[in-house]
Participant: 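Below you'll find the structure I mean.
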Protein chains: 2
Amino acid sequence: MGVTIKDIARMANVSTTTVSRVINNKSEGVSESTRKKILDLVKEFNYQPNALARGLVTKKTKTIGLIIPDISNPFFPDIARGVEDSANDYGYNVFLCNTDEDLHKESEYINALKEKYVDGIIFTLASIPKYEHILDLIKSGIPVVMMDRFIESKDIKGVFLDNLEGGYIATKHLIDLGHRKIGCITGPLHTKTSIERYEGYQKALMDANITLDKSFVVESNYKMDGGMKAAEELLREKKITSIFACNDLMAYGAYKVIKACEYKIPQDISIVGFDDILISQMLETQLTTIKQPTYDMGATAAKMLIDMIEGKKVRKKIVSFKPQLIIRQSTCAIDRR
Amino acid sequence: MGVTIKDIARMANVSTTTVSRVINNKSEGVSESTRKKILDLVKEFNYQPNALARGLVTKKTKTIGLIIPDISNPFFPDIARGVEDSANDYGYNVFLCNTDEDLHKESEYINALKEKYVDGIIFTLASIPKYEHILDLIKSGIPVVMMDRFIESKDIKGVFLDNLEGGYIATKHLIDLGHRKIGCITGPLHTKTSIERYEGYQKALMDANITLDKSFVVESNYKMDGGMKAAEELLREKKITSIFACNDLMAYGAYKVIKACEYKIPQDISIVGFDDILISQMLETQLTTIKQPTYDMGATAAKMLIDMIEGKKVRKKIVSFKPQLIIRQSTCAIDRR
DNA sequence: CTGAAAGCGCTAACAC
DNA sequence: GTGTTAGCGCTTTCAG
């Protein structure tokens, strides 16, 4: 559909090689006059190089894949936006792939992306701890950057949040406010992120010489209803004065239960979440939470990937982002009770 | 990187033609034995066809482009998910492109997608009423499906929400509850969607024999702060008893102002929004609103596009989705005041 | 039922 | 400075 490099060459009375040289700016050895002639023709006939043909010979497509669990999960749009913006800056396009954490879909996407010769892939793994296929992928030579969910392996590169630090500062904030009986609603404890946040909680307690009471810890599912159930359990004569929920959705579930029980937030019970999703600042009592720099994480992952693709030295194999405590209205000092 | 059709052909002692036939299931004329031999080899060596080479000759890439303003706008992730799911069902991959409603970026993406030979493009236009480039694109022959934002043109195909109906049922709901003094916070009135929602409001009033009071109508910007300003204006001795905000973000802005003024929702002022974004059901007083079937719209757009690509008869050129009234807690009958 | 040959549109040695 | 040639990996006539 349209004019090819041959057409331009014929009209300019030059070879395709020469045309190729100028459209790729490898025009060291092209006279200014033929250069201009070609450029004029290109503009006049709106010549657009066929990326398939080009890719077939160069083995580069200026295309990357982004594989995530689910773009409609509020955690991912900002990441995706960061990735796409960076990619776009470097002239790359991005394939969006939603896996629903399904390993089969994950493999299918990997195959499709390989067939389409993407230059690299950014990955947020399924939380299931199974990733031989990823390791194989990396060994096959295609640049891969992991995001958010870590893999134990020497040759992994990636962008992660310091979840331990996040759990730590969330809990420390509560401790600094005078709380001693701090409940913890964790995510599923077979995932690294959940474990780390929980470890952060434990470390903060330890540093403050507070003994861990396991009955204050409830494992949940990162969902709202899970947060509700967990809060019901914690409220059952545990006498806790505060809760650290390992994500905002669960914090919101807890929030609803607490308010339904006629407790006041933060006077009766302080609560801190994790993620800083949009709703957190829209609640009646705005949620104190731990913010992840999602956009930056996406943007950094894409930059890193493209550096790898273009053979630049990638200094840091692992970039660790620091979470940030956002103090809002759902926490207060215990002596204000 | 890896084994090609030639390798398979050599190992099977057949021509590449034959291999091509079996991997593309055009194997009418291939004996069962060679067929099996080839399939075994394909599996053994994990042969993956090179999509670039294939696309170069077939002019088809099993790839579509999705051009939207901004994936981090909560309205779009569900749409994108619908698009991607449908595409995936048919074996297509999707390029994600964020334009920020910038016409220049829009054109750049169109060019890039054409160079990469996408089979079709799904579009949510910038709201600026300028779209010659889209019309050109369509004339160039590449299948295009519009989404959400309409263009006046015979040969347009697309998927839209019946925004007039949406404005109508929102307003009618208020009228049915006994309200007569109904404020309206519109979006920017140079966009078709905004105009239509506003027209729906007017039509509902007219059908109920309520005279339109223009002082009850405030044009705003679809953003939260715009909703706040508009609400402040409406609250200034207009004596309205209810507000129809043309999206949830503005409704939320109004909500905050109303509560800040110590009015009660819905007893003093009823409010209905539009979109049903996640936060609407998370507010202290859950928001009555108009829901758009975003996922379905995306999924339908992709199906439509792929049907066009694959030459199937597309019965409906325009699919109009009906909005749905979601009654929650922010509206009540006027006599309960 | 199978293969030979041409060609998609481009880039990359290499030669002049 | 510029052109010739080969070839990327595949599909598609056309012939047998």
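All values derive from a computational prediction rather than experimental measurement. Naming convention: chains lettered A, B, ... in sequence-line order (proteins, then strands); numbering from 1 in each chain.
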Participant: Do B:Asn88 and A:Tyr109 have a side chain donor and acceptor closer than 3.5 Å?
Facilitator: yes
Participant: Take the protein atom CG of A:Leu52 and the nucleotide atom C1' of D:dT11, then report the distance between them rounded to whole Å.
Facilitator: 14 Å
Participant: Nearest to the side chain of A:Thr58, which nucleotide is it out of D:dG3, D:dT2, C:dA12?
Facilitator: C:dA12
Participant: For A:Asn13 and D:dG3, what is the distance between atoms CG and C1' respectively, to the nearest whole Å?
Facilitator: 13 Å
Participant: Need to verify one output field. Residue with the more 5' nearest nucleotide on DNA chain C, B:Val57 or B:Ser33?
Facilitator: B:Ser33
Participant: State which of D:dG7, C:dT2, D:dC10 makes the closest approach to the side chain of B:Ala53.
Facilitator: D:dC10
Participant: Rounded to the Å, how far apart are B:Gln48 CD and D:dC10 P?
Facilitator: 11 Å
Participant: Of all the choices, D:dG1, C:dC10, D:dT4, which nucleotide is nearest to the side chain of A:Ser15 once you look at every atom?
Facilitator: D:dT4
Participant: Check the distance between C:dG9's P and B:Tyr117's OH and give it to me in whole angstrom.
Facilitator: 6 Å
Participant: Considering just the side-chain nitrogens and oxygens of B:Thr16, establish if one lies under 4.0 Å of OP1 or OP2 belonging to D:dC10.
Facilitator: no
Participant: Touch check for A:Thr17, heavy atoms < 4.0 angstrom, all strands: base, sugar-phosphate only, or nothing?
Facilitator: base
Participant: Between atom NZ in A:Lys37 and atom P in D:dG1, what is the gap in whole Å?
Facilitator: 15 Å
Participant: Are B:Asp85 and B:Tyr295 close enough that a side-chain donor and a side-chain acceptor fall under 3.5 Å?
Facilitator: yes
Participant: With a 3.5 Å cut-off and no angle check, do the side chains of B:Thr63 and A:Lys116 form a donor-acceptor pair?
Facilitator: yes
Participant: How many whole angstroms separate atom NZ of A:Lys116 from atom P of D:dC8?
Facilitator: 23 Å
Participant: Are B:Lys316 and B:Asp307 close enough for a salt bridge, meaning some N to O gap below 4.0 Å?
Facilitator: no
Participant: So what does B:Asp7 touch, heavy atoms closer than 4.0 Å: a base, only the sugar-phosphate, or nothing?
Facilitator: nothing
Participant: Go through D:dG9, C:dC8, D:dG3 for me and flag the one nearest to the B:Lys59 side chain.
Facilitator: C:dC8
Participant: Looking at the side chain of A:Ile23, which of D:dG3, D:dT12, C:dT11 is the nearest nucleotide?
Facilitator: C:dT11
Participant: Among C:dT11, D:dT12, C:dA4, which nucleotide has an atom closest to any side-chain atom of B:Ser20?
Facilitator: D:dT12
Participant: Using 4.0 Å as the upper bound for N to carboxylate O, is an ion pair formed by A:Glu108 and A:Lys105?
Facilitator: no
Participant: Ignoring the backbone of B:Asn24, work out which of D:dG9, D:dT11, C:dG9 is nearest its side chain.
Facilitator: D:dT11
Participant: Which nucleotide wins on minimum distance to the side chain of A:Pro49, given the candidates C:dC10, C:dT2, D:dT11?
Facilitator: C:dC10
Participant: Tell me which nucleotide among C:dG9, D:dG1, D:dT12 gets nearest to the side chain of B:Lys26.
Facilitator: D:dT12
Participant: Using atom CG of B:Asn50 as one end and atom C1' of D:dC10 as the other, report the distance to the nearest whole Å.
Facilitator: 8 Å
Participant: Is any side-chain N of the basic residue among B:Asp40 and B:Lys37 closer than 4.0 Å to the acidic one's carboxylate O?
Facilitator: no
Participant: Between the base of D:dG1 and the side chain of A:Arg21, is one N or O donor paired with an acceptor at under 3.5 angstrom?
Facilitator: no
Participant: Roughly, in whole Å, what's the span from CG in B:Leu56 to P in C:dT11?
Facilitator: 12 Å
